[in-house]
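What follows is a short report on a single structure.
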Amino acid sequence: MEMTKWFDTNYHYIVPELERGQRFRMASAKPANEYREAKAAGIDATTVLIGPLTFLLLAKTRGAAFDRLSLLDALLPVYGDVLESLAAAGATWVQLDEPCLALDRSDAERAAYRRAYQVLASRAGKLRLLVATYFAGLGENVDTALGLPVHGLHVDLVRAPHQLDRLLAKWPKGRVLSAGVIDGRNVWRADLAKARALLDRAAKTVGKDQLWVAPSCSLLHTPLDLDLETKLDPELKGWLAFAKQKLQEVMALAKGDRAAVEASSRAAQSRATSRRIHNAAVQRRAASVTEKDRVRGAAFEVRRQSQLELPRYPTTTIGSFPQTSEVRAARRKLNDNQLSAGEYEQFIEAQIGRTIKLQEEIGLDVLVHGEFERNDMVEYFGEQLAGFAFTEHGWVQSYGTRYVKPPIIFGDVSRPGAMTVRWSKYAQSLTERPVKGMLTGPVTILQWSFVRDDQPRAETAKQIALAIRDEVIDLEAAGIRVIQIDEPALREGLPLRRGEWAGYLQWAVDAFRLATAGVRDGTQIHTHMCYSEFNDVLRVIERMDADVISIENARSGSELLQGLEQYKYPNEIGPGVYDIHSPRVPSTAEIAGALKSMTRVLDDAQIWVNPDCGLKTRGWEETLAALKNMVAAAKAMRENGAPPR
Ligand code: GLN
Ligand code: ZN
């Protein structure tokens, strides 16, 4: 099954697949067993289950098209059984997570919510049910949410504080309000006085006994414990709160701890005025940006003439080559002072040299240096930019046992010096073929970091874009003729509510254009995106005006091709010809087949040949074998009548 991001977080879940007539049964006693285990330890825990509607709405349907809501009647009895098993175990509260109730919903879906919770209420016995929404406000679903026959409702008052008044206006007497006032999606210490004010307002209507204090959402999306951080300087540390500290904030609010409230206001004050955050030069530069800074000199067809001359079906890769344990060990040794900076650089140069040679042997047209110097595509840049901080233990779960450690953007962003030029220049010095410079784009850097909550995301994106723009121009000046700015996170940054998409896409695409438009016509700008579901943003990609875009395609079947059938993409494009998430080596015939299917929707002069994504998680052996087949497939396509460009 497919793995995808949980709403707009970096946490992934396995997408359930449903077919017409799908049947469900209770296959595990896990909820009741775990409730009992907690109880034996002296805790009357609240069991948290994904709600039935969110489960159906997030699933993927398979086979002949059908209405997923038609499966509700088959699903609800199983939920009923689970509730009964919890009631029998002596549980008090069960929380049903329904984040989908805080998104755009149709009338039919709202009706399904009402129907589903009637059924669940009838099966709950003495259990008390809490419906939890988060990540967005209830919006036009307020009445539906308040009409559900449940004992409590959790709402996100950090992302959507304005919904409080609408809720209070109609609050049913006796209903518990779980007020999510502490931000579960970010690392900043709360201003408890502000949270207190929301709670006071709510208490007047809801009643003190019916009012719960809570984080806005699960604490899965924040790191565990700030106390573990020994290297952050005290000033910055004083502005932060991780999961444990957030629970302390919840407790301080619940207990009405005055001293804690005052201390948090002092911290907020110190952050707002700190010189470490505010850089007047950066702010002036950002304020003076105009549309002209975001537009390339000439239109695509014109500037294409002065760019690289390449054969038809040019071949390239997405940037990284295998990050072997040897490469990671070298970086560890550098950090542990077992390797000097000079020795480490020599090591990286040797990796680059070998990789350039291998790419020449394979016959690729546009080469890359391999990204061996990078631990991670965001951290590497963050470490070299002003305004970023790094934690030692700030891990958050991505999926399974995989965790990521996002940087913290705490202040105005600028670039003290060149970040990648040294490596790209070295790689280019080794070969006659063009070497592609490789950068991470502003939206992705923003999206995969903890961001400031004291200015709009758009403003931070603009500052990062200006820093990347400087790097792009430095790469060009160093003789790099192709520069790729990766934006794999552009799509996942889409707001949860469609009504907010246009505004986001405007500033996100503007940030990309600002980062890239400073180059001469002859410099070819590439971008790369992955993680499928491009059809949502296909038209937007055109406005980015990259000369070439490479896109994940292999995993999502023919969805992209279908999208391109209905819409003619004007610039050049490389839909990934094989899936890099698997060690399987695709045959030449298979890759040529993928290319042929692309010619149905694209001109062959538009098509680039490349894998789906970077190769850093792959081994060398399969990588070389797959790339050889890829180049052979491109050659076969050229020979089949496509004239040279
Ligand atoms: N250039 C990056 C790489 O090849 C792109 C990674 C990504 O798209 N996530 O690793
Ligand atoms: Zn990718």
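Note that ligands are numbered from 1 as they come in the structure, with each ligand's atoms numbered from 1 the same way. Below, all heavy atoms of this structure are taken into account, side chains as well, without hydrogens, waters or symmetry copies.
Comparing Gly319, Pro488, Ser320, Pro611 against atom 10 (O) of ligand 1, the shortest heavy-atom distance belongs to Ser320. The nearest non-hydrogen atom to atom 6 (C) of ligand 1, considering only Gln484, Glu487, Met377, comes from Met377.
Of the options Arg402, Lys5, Glu2, a side chain to side chain contact (heavy atoms under 4.5 Å, CB included) to His12 is made by Lys5 and by none of the others. The side chain to side chain contact (heavy atoms under 4.5 Å, CB included) test with Leu358 is passed by exactly one of Leu624, Leu364, Leu367, Thr623: Leu624.
The angle subtended at the Zn ion (ligand 2) by SG of Cys530 and SG of Cys613 is 120°, given to the nearest 10°.
The Zn ion (ligand 2) lies closest to atom NE2 when only the N/O/S atoms of His528 are considered.
Side-chain contact, Glu542 with Tyr567: a donor N or O sits under 3.5 Å from an acceptor N or O. Side chain to side chain, Thr440 and Asp486 fail the donor-acceptor criterion of an N or O pair below 3.5 Å.
Between Trp188 and Phe410, the distance separating the two ring centers is not shorter than 6.0 angstrom.
Taking every non-hydrogen atom of His528 and a distance limit under 4.0 Å, the qualifying atoms of ligand 1 come out as 8 (O). When each atom of ligand 1 is checked for a heavy atom of Asp486 under 4.0 Å away, the hits are 1 (N), 2 (C), 5 (C). Using a 4.0 Å cut-off to heavy atoms of Gly614, the atoms of ligand 1 that qualify are 3 (C), 4 (O), 10 (O).
Proximity of a side-chain donor or acceptor of Arg304 to a complementary backbone N or O of Leu308 within less than 3.5 Å is detected.
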